[in-house]
Amino acid sequence: MLKKITVAVSSILLLAACGAGGGDDAAGDDGTITMGFAQVGAESGWRTANTKSVQEAAKAAGIDLKFSDAQQKQENQIKAIRSYVQQKVDVIAFSPVVETGWDTVLLEAKRANIPVILTDRAIDSEDTSLYETFLGSDFVEEGNKAAQWLLDNTTGAQKVVELQGTTGAAPAIDRKKGFEEVIASRPDIEIVASQTGDFTRSGGKQVMEAFLRSTPDIDVVYAHNDDMGLGAIEAIRAAGKVPGKDITIITVDAVKAGMEALAAGEINFIVECNPLLGEQLMDLAKKVVAGEEVPARVVTEEGTFTQEQAKAALPDRQY
Ligand code: GYE
């Protein structure tokens, strides 16, 4: 009996001794930080650019990156985070595929003294002690900007179909909300159909094909990302209509393929969402591991593009 208690107590002490930053070699002897990064997947051009940015920035910052791709599945992300806890990384960063359902695994990280940084997408939890900071865009504002352009550039009734991002994901929830907030001031603009295309080109194409069959006289497509907008363009062309002319198309992201379609007149307006978060993420990680204070929220700065602005910006576009 006595022996058992002694064992239990000493393992608690051992855990405590690991301290902030987790592992035994936390930002260890040689100062190298190990980061476990649980990425959403490879669903879009935005994601590809984001992954590249994180990998390059880690290398440049001398951070040892353990990277996993969850293929848009929450269970895979949870497994990855758990394995980073077991491996005693110094810091965990992840872009949560959906907003809810993270408390248990993040509590495990917290108990192991491993700080967590949310990047790109936020979680919906009452316990804000589960993460140090959230680095990413203001998705509600992106939705606001998309709708404001529509208000400013159209008169009369507009039938809008909406291609939503992944169900339950922060950018899908907030881009919808932001758009609806602003169109509320124009009762003649109406969302007549809204469905998820899972942020993929094929998803956008399929949903748009169904919309074109079921909904006559669509005026506007509002797609939560470029890839779904590009899929919708294929469906619109196949239906014998001219994208960007017969049907107005508004998207979010401003990745290369989206900007090319915008410059070519097939998309009408793009709200920028910046995927190049790597450098800021590595800076935050270094501070968090060193026990320095970081702001609870770091918002990415971004703009919008018209067709003319896309033509001007394209030659220097990195992604
Ligand atoms: O807009 C979309 C991607 O979370 C901001 O995820 C990101 C979104 C981005 O699949 O293209």
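In each ligand, atom 1 is the first atom listed, and ligand 1 is the first ligand listed.
- Residue Asp253 has at least one nitrogen or oxygen atom sitting less than 3.5 Å from a nitrogen or oxygen atom of ligand 1, judged on distance alone.
- A donor-acceptor contact under 3.5 angstrom links the side chains of Tyr319 and Arg317, judged on distance only.
- Close contacts of ligand 1 with Asn225, meaning ligand atoms under 4.0 Å from a residue heavy atom, involve 2 (C), 11 (O).
- Shortest non-hydrogen contact noted between Trp46 and Cys273 is NE1-O, 3.0 Å.
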For the pair Glu234 and Arg201, evaluate salt bridge (Lys or Arg N to Asp or Glu O under 4.0 Å) and give the outcome as yes or no after the intermediate values. CA-CA 9 Å; Glu234 290 176 32; Arg201 191 187 279 232; 3.4 Å; yes

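- For ligand 1, the atoms closer than 4.0 angstrom to any heavy atom of Arg47 are 3 (C), 4 (O), 6 (O), 7 (C), 8 (C).
- Using a 3.5 Å distance cut-off with no hydrogens or angles, the side chains of Asp198 and Thr200 do not pair a donor with an acceptor.
- Close approach of ligand 1 to Glu43 is summarised as follows: ligand atoms under 4.0 Å from at least one heavy atom of the residue are 3 (C), 6 (O), 10 (O).
- Of the N or O atoms in Asp227, none lie within a sub-3.5 Å distance of an N or O in ligand 1.
- Between Ser44 atom OG and Asn225 atom CG the span is 5.5 Å, to the nearest 0.5 Å.
- Comparing Met228, Arg121, Gln72 against atom 6 (O) of ligand 1, the shortest heavy-atom distance belongs to Arg121.
- Within the listing of ligand 1, atoms 5 (C) sit less than 4.0 angstrom from a heavy atom of Phe139.
- With a 4.0 Å heavy-atom cut-off, ligand 1 is reached by the side chain of Arg175 but not by its N, CA, C or O.
- The shortest N or O to N or O distance between Asp120 and ligand 1 is under 3.5 Å.
- Residues Glu162 and Ser194 have side chains that bring a donor and an acceptor to within less than 3.5 angstrom of each other.
- Set against the non-hydrogen atoms of Ser44, the atoms of ligand 1 under 4.0 Å away are 2 (C), 3 (C), 10 (O), 11 (O).
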